[in-house]
Amino acid sequence: MNRVRVLLAEDRPAMAKQLCALLSQEFEVVGMVEDGLSLVRAARQMAPDVVVTDIAMPGPDGLEAIVQPRRDQAGLHVAFITVHTDSQLVARAMTLGK
């Protein structure tokens, strides 16, 4: 059985390492990036099934960075992670899933 291929985008190395360890238990983590531009490039090159991305990152943030990969790969799933409590960020993230 093929494992789901995940691309992780997180700008804090300690958090990225922890998330990678957690995700690797069930999924194939195909790459880790630290900024929005790298996310766009890696998604294009690696064609993951899922992108797990921080909302607030350098360059285009996770919300902006995921737009192009979703255009390029219609079936791409996205999970946003954040410590922010701003309801507008959550609402914006939800609209990107439609």
Side-chain angles (χ1 to χ4, degrees):
M1 182 165 120
N2 291 341
R3 292 177 14 149
V4 173
R5 296 168 37 86
V6 175
L7 173 61
L8 175 60
E10 169 59 58
D11 63 325
R12 293 169 296 170
M15 179 62 78
K17 185 177 177 180
Q18 290 175 353
L19 286 169
C20 184
L22 180 66
L23 291 168
S24 294
Q25 293 175 19
E26 297 291 328
F27 307 104
E28 178 185 355
V29 178
V30 295
M32 292 191 320
V33 297
E34 296 181 354
D35 60 73
L37 185 56
S38 296
L39 168 57
V40 174
R41 290 177 181 155
R44 185 172 291 134
Q45 293 173 345
M46 297 174 184
D49 301 309
V50 178
V51 172
V52 176
T53 181
D54 188 0
I55 288 179
M57 292 188 301
D61 66 22
L63 297 171
E64 294 170 6
I66 201 59
V67 172
Q68 188 61 48
R70 294 224 46 231
R71 282 188 192 135
D72 294 344
Q73 189 179 342
L76 181 64
H77 297 280
V78 179
F80 291 105
I81 53 176
T82 188
V83 295
H84 298 281
T85 59
D86 184 348
S87 61
Q88 290 180 353
L89 283 176
V90 173
R92 189 168 155 220
M94 296 298 286
T95 63
L96 290 172
K98 296 182 180 186

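Once rounded to the nearest 0.5 Å, the distance linking CG of Leu76 with CG of Asp49 reads 8.5 Å. Atom OG1 of Thr53 sits about 9.0 Å away from atom CG of Asp11, to the nearest 0.5 Å. Rounding to the nearest 0.5 Å places CZ of Arg41 at 8.0 Å from CG of Asp35. Note: Arg70 CZ to His77 NE2 = 8.5 Å, rounded to the nearest 0.5 Å. Atom CD1 of Ile55 sits about 11.5 Å away from atom CD1 of Ile66, to the nearest 0.5 Å. Atom CE of Met15 is separated from atom CD1 of Ile81 by 7.0 Å, given to the nearest 0.5 angstrom.
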Worked check of side-chain contact (heavy atoms from CB on, under 4.5 Å) between Leu39 and Met57: CA-CA 10 Å; Leu39 168 57; Met57 292 188 301; 4.3 Å; yes
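There is no path of hydrophobic side-chain contacts, each under 4.5 Å, that joins Phe27 to Val51. Using a 4.5 Å cut-off between side-chain heavy atoms of Ile, Leu, Val, Met, Phe, Trp and Tyr, with links allowed through other members, Val6 and Met32 fall into the same hydrophobic cluster. Side-chain heavy atoms closer than 4.5 Å link hydrophobic residues (I, L, V, M, F, W, Y) into clusters, and following such links, possibly through other members, connects Val67 to Phe80. In the hydrophobic clustering of this structure, Val50 does not group with Val30; members are Ile, Leu, Val, Met, Phe, Trp, Tyr whose side-chain heavy atoms approach within less than 4.5 Å, directly or through other members.
Nearest approach of Leu63 to Asp61, heavy atoms of both residues: N-OD1, 3.0 Å. Of all the heavy atoms in Ala65 and Gly36, the pair that sits closest is CB-O, 3.5 Å. Minimum interatomic distance between Gly31 and Leu7 (heavy atoms only, all atoms of both residues): O-CD1, 3.4 Å. Summarising the geometry of Val33 relative to Ala42, their closest heavy-atom pair is CG1-CB, 3.8 Å, with the distance given to 0.1 Å. The two atoms that bring Arg3 and Gln25 nearest to each other are NH1-O, 4.2 Å, heavy atoms only.
Judged as a side-chain hydrogen bond (donor to acceptor under 3.5 Å, both in side chains), and not counting sequence neighbours, the contacts of Arg12 are Glu10.
Each of Val78, Val29, Leu23 was compared with Val52 under the side chain to side chain contact (heavy atoms under 4.5 Å, CB included) criterion, and only Leu23 meets it.
The shortest side-chain heavy-atom distance between Glu64 and Arg92 falls under the 4.5 Å cut-off.
Counting only distance, with no hydrogens or angles, the side chain of Arg5 and the backbone of Glu28 share no donor-acceptor pair below 3.5 Å.
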